[in-house]
Structure formats: structure tokens, C-alpha cells
Peer 1: 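Quick one: this structure, given as C-alpha cells, is what I'll be asking you about.
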There are 4 protein chains.
Amino acid sequence: MVENAIPPTMKAWVLGAPNELLLVDKPVPRPRAGEVLVRIGATAVCGTDLEVIAQGEPALIEGGAPFNKNFTPGHEYMGTVAALGPGVDEFEVGERIAVEIHAGCGRCERCREGMYTACVNYGMNYGEHDKGHRANGFTTDGGFAQYAVNHVNTLVRVPEGMGDEEATLIVTAGTATYGIDVLGGLIAGQTLVVTGPGPIGLMAVGVAKALGAGLVILTGTRQDRRRLDIGRKLGADVVVDVDEDEPVSAVRRITGGKGAHYVMECSGAPNAVNQAARMVSRGGRICLAAFAHQPVMVDMAYIVSNNIYLFGIRGEGKSATRRAASLLAQKRFAAGLIHTHTFPFEQVPTAIRHARERIEDPIKIVVRMQS
Amino acid sequence: MVENAIPPTMKAWVLGAPNELLLVDKPVPRPRAGEVLVRIGATAVCGTDLEVIAQGEPALIEGGAPFNKNFTPGHEYMGTVAALGPGVDEFEVGERIAVEIHAGCGRCERCREGMYTACVNYGMNYGEHDKGHRANGFTTDGGFAQYAVNHVNTLVRVPEGMGDEEATLIVTAGTATYGIDVLGGLIAGQTLVVTGPGPIGLMAVGVAKALGAGLVILTGTRQDRRRLDIGRKLGADVVVDVDEDEPVSAVRRITGGKGAHYVMECSGAPNAVNQAARMVSRGGRICLAAFAHQPVMVDMAYIVSNNIYLFGIRGEGKSATRRAASLLAQKRFAAGLIHTHTFPFEQVPTAIRHARERIEDPIKIVVRMQS
Amino acid sequence: MVENAIPPTMKAWVLGAPNELLLVDKPVPRPRAGEVLVRIGATAVCGTDLEVIAQGEPALIEGGAPFNKNFTPGHEYMGTVAALGPGVDEFEVGERIAVEIHAGCGRCERCREGMYTACVNYGMNYGEHDKGHRANGFTTDGGFAQYAVNHVNTLVRVPEGMGDEEATLIVTAGTATYGIDVLGGLIAGQTLVVTGPGPIGLMAVGVAKALGAGLVILTGTRQDRRRLDIGRKLGADVVVDVDEDEPVSAVRRITGGKGAHYVMECSGAPNAVNQAARMVSRGGRICLAAFAHQPVMVDMAYIVSNNIYLFGIRGEGKSATRRAASLLAQKRFAAGLIHTHTFPFEQVPTAIRHARERIEDPIKIVVRMQS
Amino acid sequence: MVENAIPPTMKAWVLGAPNELLLVDKPVPRPRAGEVLVRIGATAVCGTDLEVIAQGEPALIEGGAPFNKNFTPGHEYMGTVAALGPGVDEFEVGERIAVEIHAGCGRCERCREGMYTACVNYGMNYGEHDKGHRANGFTTDGGFAQYAVNHVNTLVRVPEGMGDEEATLIVTAGTATYGIDVLGGLIAGQTLVVTGPGPIGLMAVGVAKALGAGLVILTGTRQDRRRLDIGRKLGADVVVDVDEDEPVSAVRRITGGKGAHYVMECSGAPNAVNQAARMVSRGGRICLAAFAHQPVMVDMAYIVSNNIYLFGIRGEGKSATRRAASLLAQKRFAAGLIHTHTFPFEQVPTAIRHARERIEDPIKIVVRMQS
């Protein structure tokens with residue numbers, strides 16, 4: 001292990017009672033073979049952080065470990081390489097990096113076919129059952145701390161000249177890029193509807209235009225007005241306020257009756273899948289990138305008779321985060337527009353409260369270390 | 001046009017009032033460029049025929065033409081090449097052929113990418129808007145008649161030594177083959193669950209084993225007992241009676257907790273999509289080959305967080321019917337087992353009634369011309 | 001057929017003796033079902049035109065028809081829709097369009113899977129064997145005339161505000177786009193080497209950057225200096241003069257020893273395939289878009305042991321030309337830079353001579369109708 | 001580590017001078033995290049073993065380590081799980097297993113996309129640069145010994161009732177299966193030519209038929225007569241003796257002029273690539289699974305103008321070996337027919353000599369431990 005003045009302990013926020021975060025001292029973790037110690041520079045708040053903080057590790061994960069009182073959440077972070085585990089020479093101490101969330105186990109069927117975000121050994125990284133899977137801030141300690149250990153697979157170099165806050169957005173751009181990948185990747189000149197102007201939706205707009213999309217339509221509600229405006233700045237050709245304009249007929253009208261080639265569903269709204277199906281032309285494809293909180297009614301016969309494909313994704317596979325970082329390095333779109341608020345590390349609970357209560361309609365809130 | 005003693009008129013069943021079929025005399029149609037006249041030998045009854053006969057052309061097709069009192073239904077047929085339209089030399093008069101249903105227009109976006117069953121110009125084959133799309137028995141006259149015209153694309157040679165009745169099953173095997181194609185095709189040694197032992201489900205069992213599938217699990221209800229037995233003969237390694245054994249836990253148990261690689265959903269049951277999602281392992285794929293009659297509740301969050309892909313298919317694309325015919329020619333499985341009843345051409349209404357009322361629990365009913 | 005003052009005859013250049021072109025009067029052709037009559041505005045000269053003019057239809061096509069003294073060459077053209085054949089409503093008379101070269105037969109195995117540029121019925125568009133395949137300027141009359149008939153599949157709308165000369169380049173951009181498609185399409189943030197700064201190579205540079213490529217390296221010889229400069233303007237990050245810098249070691253050096261992800265081989269040089277194989281990293285992919293004039297020595301063992309894939313392409317499949325037109329409409333790169341010379345229609349032989357003898361080092365020479 | 005009476009030392013054959021093998025005592029290796037210790041039961045001799053033994057590690061690998069006097073070759077082996085490294089619960093001590101050759105590093109670009117046989121860190125498994133890549137018998141000690149360590153990824157369960165000798169063939173069947181995978185996998189009902197009746201070629205015949213291939217044509221020379229007969233027993237529909245029947249015209253004749261859909265090139269013959277290109281129809285695909293020993297002349301223009309794709313493969317990726325093992329478990333073809341000779345462990349040099357000098361025309365020679 002090549003070190004660089006690593007202290008033995010660090011400050012870290014950990015889960016207390018549901019919705020309680022405590023600032024404690026923890027030992028600085030040590031990287032194993034293939035791992036890297038990261039000195040954290042900034043960490044963005046994601047909607048799933050709120051769930052972890054409210055309930056412990058995500059309820060959506062089957063067989064999740066019990067609520068862990070010493071667990072540090074936070075998965076959208078960037079920082080500096082502080083130390084290298086054995087065998088790591090892909091990075092050097094001192095390099096600025098952002099992170100993907102998932103390091104698959106590398107040995108299950110899915111990892112072996114390259115689908116590491118669908119690792120069958122999700123969460124298997126402890127004790128005698130340690131398969132090496134890591135999901136930062138979900139199953140291993142995350143980024144609301146001074147240091148975190150990451151598998152080398154999850155590291156992405158921060159483009160030169162990019163600030164810490166913007167660098168925390170790389171992983172969000174990576175998810176959007178991955179979504180377009182699973183839709184087939186040939187988006188140049190094609191029509192994409194993005195439903196829901198949250199962080200992933202807005203990034204999907206930027207990435208799609210950066211990849212040459214012909215027509216990008218972004219939908220949102222009346223309350224999303226500011227976000228729709230940002231979507232326009234990120235490249236959306238048309239924005240649709242669904243409180244004024246029924247979105248399926250809007251898409252049909254805008255596309256001259258043909259429908260879109262693709263939909264990226266980023267809203268999780270109850271009728272979103274049905275609407276997406278009716279937005280695409282026969283044979284169209286839909287990426288599902290949002291979690292609906294309850295089961296929803298879906299007209300499956302429409303999906304079958306119109307030969308529609310639906311792709312559920314979680315996270316940011318296929319090394320898409322690295323390709324997304326390149327798009328940001330090339331300044332293909334102004335990703336920084338979705339960063340709206342910054343808080344210092346000491347105020348993580350305040351940052352979380354702003355996110356949960358939507359104070360000042362934040363899009364991306366970033367927590368920043370003092371330098 | 002090379003002819004072979006074609007009479008000017010023929011006997012044909014046509015739609016009357018809903019659920020009424022009339023036997024009439026009609027002119028024998030003439031093949032255009034790229035088309036072939038088929039003298040029909042046998043026609044199987046499919047569930048969608050019942051809908052066409054009850055309602056006119058399928059309600060599922062948007063913008064379908066109005067109920068057509070002179071329309072001849074029937075899409076699963078075989079026969080003999082009776083005459084060739086201009087430019088056709090792929091077949092000879094006298095050859096025995098079975099048919100795919102869909103001839104795409106060849107000029108829309110989907111046809112241009114090879115997805116001809118998702119032709120955007122579905123039904124556009126009349127008057128000044130004629131794009132050349134044909135769906136036999138849905139948008140153009142079908143097989144409950146002495147003759148029918150088919151685009152050369154839809155013809156498949158009947159393997160030597162195969163009887164007329166079995167030849168009508170080629171297209172059903174083609175749909176099952178196509179379903180496995182869209183799942184990725186690499187099914188050898190993998191685990192597939194087929195939900196629903198209807199004709200497509202049973203064929204999926206046979207095709208999957210013919211392609212080397214490792215473990216094929218077939219599910220059905222208590223009433224499906226006879227069909228499950230046939231499924232076993234077609235190669236199913238395990239059959240699950242869902243009235244006795246909850247199917248998700250059965251699949252998990254049979255696969256040692258891992259879940260299946262793939263599900264082919266052929267039941268259309270209300271909870272089928274949710275169950276299929278829980279039957280596959282994380283990152284699994286589901287082909288939707290059945291039409292649920294009402295919208296169903298689907299837990300989309302489960303699909304998203306488990307990275308599941310859903311592929312709606314209609315029909316039998318990618319020339320899968322030809323590959324399926326080859327499997328039957330090689331006698332890889334006993335497709336003929338699903339043929340349970342035969343009626344003469346004069347008794348089409350009786351055949352339809354047996355299908356509709358499930359008299360004697362038929363699987364495939366075939367209507368046969370006298371030779 | 002909806003017409004618009006179509007004269008009965010037109011001026012057209014036709015093949016005479018080898019390397020001789022004659023200006024004659026010919027009947028204006030009439031569009032059939034699914035076809036369109038185009039009033040030609042401008043036609044670019046391509047290297048393969050020189051072969052057609054020297055030898056009749058391309059020697060590379062097996063079973064090509066004999067040298068046809070009344071044949072009109074020219075395949076990179078644009079113009080205005082002058083009349084619509086039966087069933088065509090996708091375009092209106094008066095619209096400005098550019099063209100793809102290939103309309104597949106729509107009925108062979110390849111067309112049925114969407115690979116229409118690999119149509120098995122290439123050249124089958126005459127007499128009793130007419131399958132409907134068309135390759136403009138190769139097997140059917142082309143664009144060095146006042147009018148030409150095109151299948152509707154080959155038409156691409158010219159973006160508003162684009163001049164006639166630039167519009168002739170759309171098909172070249174389409175070939176480059178298709179090349180990137182067959183490499184897998186996920187080029188954002190990746191490294192591509194383009195070998196050979198001819199029209200396709202230069203367009204590949206522009207398209208790759210428009211699709212978010214990270215690092216694009218363009219190679220050429222000392223004589224290609226001007227073209228390399230244009231390549232830089234089209235977005236190449238690095239250009240390599242192979243007379244000064246051995247290209248394999250240059251690529252290895254520029255990529256920090258890793259090699260490129262992809263090579264688009266556009267030079268046809270004798271050692272190009274071997275060099276391309278050594279430019280990519282293990283598991284890399286190479287698109288072969290140029291015709292080497294003689295068989296070349298290839299170290300196949302290197303290709304096998306490094307798991308390299310080679311994709312030969314001809315033309316511009318998968319509707320890539322339409323996606324390319326969208327990139328040009330969005331002004332993603334300055335395609336017009338490769339257009340260097342214009343001649344009036346009356347001077348086609350002069351234009352051809354400039355191309356053949358490389359007078360004034362032309363890149364794209366365009367022949368233009370007087371308006 | 002769960003052990004089972006593991007001795008401290010073992011007998012192992014190691015490289016001496018070129019073409020010399022020495023029987024020595026070595027420490028039994030210990031499995032690390034994710035690894036397994038295998039007590040070897042049988043090891044087949046492969047052509048590449050001869051190269052390793054003649055030259056040290058394969059000359060084809062760039063940057064291969066120097067000739068290693070203590071290195072144990074042998075990569076096609078089977079045995080029994082003797083001990084489990086930390087975190088391994090996928091297998092139990094005592095299970096019979098066969099092995100894949102390659103365990104990728106799991107962290108390079110290729111491994112991350114599932115192409116672990118094209119691992120960019122090939123051979124990086126030593127000292128401070130240890131990335132964890134392993135290629136048994138190439139870069140890590142192999143199977144001509146009593147014990148070997150394997151990464152858990154490389155293990156495949158031996159089907160019940162299969163003998164030790166046949167189990168050594170599983171990896172060869174895996175390579176053939178992988179070759180068909182990279183050709184697209186949709187081989188049911190299609191035509192495949194296998195050129196060269198070596199072990200991989202013969203397995204390709206068996207696997208292709210097991211996957212439903214329509215017509216399989218196997219080519220070989222006069223000396224290959226016995227192998228061609230075995231090919232017929234493995235399912236080849238037609239065998240072509242190239243000394244009597246020019247193979248390209250034979251394939252064209254057998255396919256009615258159409259050509260084959262696919263070629264699996266397993267001969268490495270000087271003209272093999274050119275012939276393969278002319279055997280497939282336009283748009284056809286060729287898998288290159290053999291190493292030509294010198295660079296060969298290739299008519300690249302033919303490949304480009306006929307839209308042919310070439311896929312170089314090394315080894316047995318995409319978990320194909322596991323799918324192949326399932327085909328053998330299902331007794332889909334008589335893989336054991338290619339096993340022709342057995343020698344005891346003490347006679348490894350004799351076995352190698354039989355292979356090198358082709359004594360008694362062996363196909364697969366297996367070395368077997370005494371039980």
C-alpha cells in the first residue's frame with residue numbers, strides 16, 4: 001500500500017435511528033488488493049440516500065442486511081486517490097477521481113457477461129461469504145465521510161478543470177448514458193422522450209443531445225417549470241408541461257403522428273409506463289430508470305401487440321460512467337446546471353433535510369469538504 | 001404469372017354478423033409482383049381467429065378497418081403453390097408450403113431494420129395508400145378458403161414427409177423460436193420457464209429443448225393437466241401445477257434458489273408479469289408472448305431494481321419460422337402432439353365452436369381440405 | 001402518379017467506350033409502386049464512379065451485367081421530388097431530397113434481417129427476374145442526368161438551409177455513420193483511429209466526434225497534408241503523417257500504450273489491415289470501409305490471438321444516412337469542407353478527369369445543374 | 001481454506017530445455033480468495049501445449065514472460081475439488097469439475113464488458129503487478145501435475161456419469177460453442193461450414209447440430225479421412241474431401257448456389273480465409289478459431305464488397321464452457337469419439353511425442369492419473 005499521510009481515524013456521518021445521522025470518529029479503512037482509498041472532496045445527495053437514511057439499507061434489495069447503526073451512506077462522490085491497495089497501478093496517489101457505485105463480484109453469471117450492476121451476489125461482501133461485491137453507500141460505507149475505500153473498477157478520472165461539485169455529477173451522467181446504451185445506442189438523429197426532469201432525466205437530455213439525438217422532448221409537471229427550463233438549456237428541443245398538454249398526444253403531435261423512437265422513463269409516475277408505451281412507435285423501446293413506489297396498472301396487451309421492449313436498469317453499467325465523463329470533459333453540455341445547492345460537510349443533516357423537504361426546489365445538493 | 005389450372009372462383013368462408021361465418025363463392029385472387037397464389041391444404045384455428053370472427057379485425061390494432069362482411073379469416077395455413085406472380089422464382093408451382101402471417105411493407109423504419117412484424121404500416125395495403133403490408137387473415141384475406149395470395153416472404157417449404165395438419169403448426173413453432181431469439185438466443189444449457197401450456201407455450205418447450213436448453217420448466221393450472229403431460233413429452237424437464245405449487249417458489253426451489261435465466265410468458269394471466277419477474281434471477285429476461293385481456297398490476301420497481309428486460313413480441317419475425325421448419329424437418333421434437341382435432345373444410349363453424357367453447361379441451365384444431 | 005410538368009425526354013450522360021461519356025437524350029423514366037422520380041440538382045463524383053466509367057459496372061460485383069452502352073452512372077446525388085409512384089405519400093412533390101445508393105429487394109434473407117446493403121439479389125432488377133433491388137448508378141441509371149427514379153427507401157430529406165453541393169455529401173456521411181454503427185455504436189468517450197483521409201475517412205472523423213468520441217486520430221501520407229488539415233477542422237484530435245511517424249507506434253504512444261478501441265480503415269493500403277490490428281487493443285474492432293485493389297498479406301494469427309473482429313461494409317445500411325442527415329442538419333460538423341470543386345452538368349467529363357487525374361488535389365467534386 | 005488431506009508436495013511435470021519435460025516434486029499450491037485447489041484426474045493434450053513445451057510460453061503472447069524452467073504446462077484438465085479458498089461456496093470439496101482456461105482480471109475494459117478471454121491484463125498475475133489474470137498452463141501452472149489452483153470462474157461441474165477422459169473435452173466443446181455464439185447464435189436451421197476436422201472443428205460439428213443447425217458441412221484433406229468419418233458420426237450432414245472436391249465450389253453446389261450462412265474456420269490453412277469468404281453468402285459471417293502459422297494473402301476487397309464479418313476468437317468466453325457441459329450432460333452428441341488415446345501420468349513425454357509426431361493419427365490424447 002502506497003500511502004500519503006493517512007490519519008488513523010476520520011470524521012464520518014453514520015446512521016442512527018431512522019432519519020437520524022450522527023457525526024462520529026471511525027478508523028480510516030484500508031484498501032485491499034484491487035482497491036483504492038479515496039480522500040473525499042464532495043458528495044451529492046441522491047433520492048435513494050433519503051431512503052437509506054430513513055430505513056437503513058434500501059428496502060428494495062432483497063435480503064438486505066439489518067439496519068446498521070454504524071453505516072455511512074452517500075454514493076455520488078468524488079475525491080483524491082489517497083492510497084493504493086496491492087496490485088493497483090491504474091491510478092496514482094493524488095489523482096482526482098469520481099466514482100461509479102457498483103463493483104460487481106466479478107464471478108457470478110451476470111458479472112461474467114459484463115452486467116456488473118445486476119450482480120447476483122449483490123451485498124455479498126462480508127465475513128466468510130465475501131464475494132467482493134461492493135455498492136458504495138448501499139452495502140459498503142459511502143461518501144459522507146472523510147475517506148472511503150473503492151474498488152479500482154469504480155474509479156473515473158475527473159476531467160481537468162472541472163470543479164469538485166460538478167465532478168459529483170459524473171455518475172448521474174453515467175446512469176443516463178447507460179440508459180441510452182441499453183436502448184441500443186443508435187440515438188443519433190432519432191427522437192427521444194425523457195419523462196421526468198429529475199437529475200437523471202435532465203442528464204439524459206444532455207447526454208442524448210451530445211450523442212446526436214435529433215429531437216429530444218422533455219416532460220414534467222407545472223411544479224417542474226424551473227427544471228424544464230434547465231432541460232431546455234441542456235438541449236431539449238421541446239418541453240411539455242403535462243398539466244397543460246396531455247403528454248401522449250403532445251408527443252404524437254410533435255412527431256407528426258409517428259411517435260418517438262425511444263422513451264427514457266425517469267418519473268416513476270403511476271401512469272408513466274402506459275404513457276411511454278403510447279409515446280413510442282410500434283417496435284419502440286423504453287428504458288425504465290425510475291422506481292415507482294407502488295405497483296402500477298399496465299396495459300400489457302398494448303405492449304405485446306405493439307412489439308415494445310422495456311429495459312429496467314439500475315445504476316450505471318457497461319463503463320458508461322467513463323464515457324459520460326468524457327462527454328463532460330469535452331464540455332458537450334452544461335451538466336453543472338443541475339447543481340443547485342452546496343453545504344459544508346458539517347451540515348450533512350441540513351443538506352438531507354433540504355433534499356427531503358424540497359426546500360428551495362433543489363435539483364442536486366452537494367456536500368463539500370473544506371480544503 | 002405461371003398458372004396451373006386455376007378456376008375463376010372458389011369457396012371461401014367470410015365474416016357475417018359477429019360470430020357468424022358464411023360459405024360463399026369468391027373470385028380466386030391473383031398474385032402481384034413478389035406474390036404467390038396458394039391452394040390451401042389445411043388451416044389451424046388460433047385464439048386470435050376467435051376474436052376476428054367475434055369482432056371483425058382485431059380490436060388490438062389501432063385504426064383497424066371497419067368490420068368487413070366479405071373478409072376471410074384464418075392465418076395458420078399450409079398448401080401448395082398454385083401460381084407465381086411476376087418476378088417470383090424462389091418457389092415452383094406444386095411445392096408444398098406453410099406460411100408466416102406478416103409480410104411487412106419493406107419500407108418503414110421497422111421493416112428497414114428487419115423488424116417486419118412491427119411494421120409501422122400495419123394494415124396499409126389498400127387503395128391509394130397501398131404500402132404492401134399484409135397480415136394474412138388479419139388485414140388481407142386468409143386461409144379459410146380454397147385459395148389465398150401470399151407475399152413470397154411469408155412462404156416456408158414444408159419438410160418432406162410432413163403431413164398437412166402438422167405443417168399448419170410450423171408458424172406456431174416459428175413464434176416460439178422468435179421468442180427465444182429476442183431473449184438473446186443463447187439458451188443452450190440455460191434455464192427457461194414457460195408459463196402457460198397453450199400452443200405457443202408448448203411449442204416453446206419443444207423449441208427450447210431442440211436448441212439445447214438445460215432445464216425447461218412448464219407451468220399450468222389443474223385444468224391444464226393434459227397439456228402439461230404433452231409438455232413433458234415435448235421435453236419439459238419439470239411441470240408445475242400452479243393450483244398445487246405456488247409457481248414462483250417452485251421455480252426458486254427447482255433452481256436451487258437462483259431463479260431462471262429466462263421466462264417465456266404465454267399465459268396472459270393477471271399476475272403473470274409479476275410472477276415472471278420473480279422467477280428470473282437479477283438481470284433476467286422475459287418474453288411476453290400472450291395478450292392479457294385487461295390492464296394488470298405490475299410492480300415496476302421490482303423490474304427496475306432487478307435490472308429485468310421485458311420483450312413484447314407479436315408473431316414470428318426474423319425469419320424464425322424458416323428456422324423452426326428446419327427443426328421440425330429434423331424431427332427434433334414431436335410438434336404434432338399439439339394437434340388434437342381435425343374437421344373438414346365444410347365444417348369451419350363447428351371447428352370454431354369447438355375452439356371457442358373448448359369442447360373436448362382441444363389444443364390445435366385443424367381444418368382440412370378434401371384432396 | 002402525381003406529376004409536375006415532367007418533360008418526355010431529358011439530357012443524360014451515358015457510358016460509351018471505356019472511359020468515354022456521351023451526352024444523349026433519353027426518355028424520362030417513370031416511377032413504379034413505391035418509387036419516386038427525382039429532378040436532379042447536383043451529383044458528387046465518387047471513386048467507384050471512375051471504375052464504372054472505365055469498366056462498366058463494377059468489376060467487384062460478381063455476375064454483373066455486361067458493359068451497358070446506354071447506362072448512366074452517378075450515385076451521390078440530390079434533387080427535388082418531381083413525381084410520386086403509386087402508394088407513395090411519405091414525400092411530396094417539390095421536396096428537396098438526397099439519396100442512399102441501395103434499395104434492397106426486401107425479400108432475400110439479408111433484406112429480411114435489415115441488412116439491405118448486403119442484398120443477396122444485388123442487381124436483380126430486370127426482366128422476368130426482377131426482384132426490385134436497385135443500386136443507383138451501379139445497376140440502375142444514376143445521377144449524371146436530369147432525372148432519375150429512386151425507391152422511396154433511398155430518399156432522405158435535405159435539411160433546411162443546406163446547399164445543393166453539401167447535400168450530395170449526406171450519403172458519404174451516411175457510410176461513415178454506418179461504419180460506426182457496425183463497430184457497436186458506443187463510441188462516446190472512446191478512441192477511434194481513422195486510416196486514410198479520403199471523403200469517407202474525413203466524414204468518419206466528423207461523425208465520430210459528433211457522436212461524442214473521446215480521441216480521434218487520423219492518419220495519412222505526406223501528400224495528404226491538406227486533407228489532414230481538413231480532418232483537424234472536422235474534429236480530429238491528432239493527425240499522423242505516416243511518412244514521418246510510423247502509425248502503429250504513433251497510436252500506441254498517443255494512447256499511452258493501450259491502443260485504440262476502434263479503427264475505421266478507409267485507405268485500402270496494402271498493410272492497412274495488419275496495422276489496424278496492431279493499433280487496437282486486445283478485443284478491438286475494425287471496420288473495413290475501403291477496397292484494397294490487390295489481395296494483401298494479413299497476419300491472421302495475430303487477429304485470432306488478440307480476439308479482433310473485422311467488419312467489411314459496403315455502402316450505408318441501417319438507415320444510417322438519415323441519422324447522418326440529422327447530424328448535418330444540427331451542424332455538428334462542417335461536412336462542406338470536403339467539397340472542393342464544382343462543375344456544371346455539361347462538363348461531367350471534365351469533372352471526371354479532375355477526379356481521375358487528381359487535378360488540384362480534389363476531395364469532393366460536385367456536378368451541378370443550372371437552376 | 002477447507003482442506004481434505006492435502007499433502008505438502010506433489011509430482012509435477014515442468015519445462016526443461018526446449019521440448020524437454022522433467023518430473024519433479026513441487027509444493028502443492030494454496031488457493032487464494034476466490035480460488036479453488038483441484039486434484040487433477042485427467043489432462044488432454046492440445047496443439048498449443050506443443051508450442052509451450054517447445055518454446056516456453058506461447059510466442060503469440062506479446063510480452064510473454066521468459067522461458068520458465070519450473071513451469072507446468074497443460075490446460076485441458078478435469079479433477080476433483082480438493083480445497084476452497086476464502087469466500088468460495090459455489091463448489092464443495094469432492095465435486096468433480098472440468099476447467100475453462102482463462103480467468104480474466106475482472107478489472108480491465110474487456111473483462112468489464114464480459115470479454116474475459118480478451119483480458120487486457122493477460123499474464124499479469126505476478127508480484128506487485130498482480131491483477132489476478134490467470135490462463136492455466138499458459139501464464140500459471142497447469143494440469144500436468146497432481147494439483148492445480150484455479151479461479152472459481154473457470155470451474156465447470158462434470159455431468160454425472162461422465163468419465164474422466166471425456167470430461168477433459170468439455171473445454172474444447174466450450175470453444176466450439178463460443179465460436180457459434182460470436183457468429184450470432186441463431187444457427188438453428190442455418191448452414192454452417194466447418195473447415196478443418198481437428199478437435200475444435202469436430203466439436204463445432206457436434207455443437208452446431210445440438211443447437212439445431214440445418215446443414216453442417218465439414219471439410220478436410222485426404223489424410224483426414226478418419227476424422228471426417230468421426231465428423232459424420234458427430235452429425236455432419238456432408239463431408240468434403242478437399243483433395244477430391246474443390247471446397248468452395250462444393251459448398252456452392254451443396255447449398256444450391258446460395259453459399260453458407262456461416263463458416264467456422266478451424267484449419268489455419270493458408271487459403272482458408274479466402275475460401276471461407278467465398279463459401280458464405282453476401283453478408284455472411286466467419287469465425288476464425290485456428291492460428292495460421294504465417295501471414296496469408298487475403299482478398300480484402302472481396303470481404304468488403306460482400307459485407308463479410310470476421311471474428312477472431314481465442315479460447316472459450318461468455319461462459320460457453322458451462323453451456324457446452326450441459327449439452328454433453330444431455331448427451332446431445334458423442335463428444336467422446338474424439339478421444340483416441342490414453343497414457344498414464346508417468347508417460348506425459350510419450351503422450352506429447354505421440355501428439356507432436358502424430359503417431360497413430362491421434363485426435364485427442366488424454367493423460368490420466370491412477371486412481
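To find a chain, count down the sequence lines: A is the first, B the second, and so on, and within it residues start at 1. Treat the numbers as computed from the prediction; the structure is a model and nothing was measured.
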Peer 1: Using 4.0 Å as the upper bound for N to carboxylate O, is an ion pair formed by Arg107(D) and Glu90(A)?
Peer 2: yes
Peer 1: With a 4.5 Å cut-off on heavy-atom pairs, point out which of Met115(D), Met124(D), Arg322(D), His151(D) contacts chain A the most.
Peer 2: Arg322(D)
Peer 1: Which bit of Arg110(D) is near chain A, if near means a heavy-atom gap under 4.5 Å: side chain, backbone, both or neither?
Peer 2: neither
Peer 1: Out of Lys131(D), Glu113(D), Lys318(D), return the one with the most heavy atom pairs under 4.5 angstrom to chain A.
Peer 2: Lys131(D)
Peer 1: Please confirm whether the backbone N or O of Gly106(A) pairs with a side-chain atom of Asn153(D), one donor and one acceptor, at under 3.5 Å?
Peer 2: yes
Peer 1: Please look at Asp89(D) and chain A and tell me whether the side chain, the backbone, both or neither of the residue comes under 4.5 angstrom of a heavy atom of that chain.
Peer 2: both
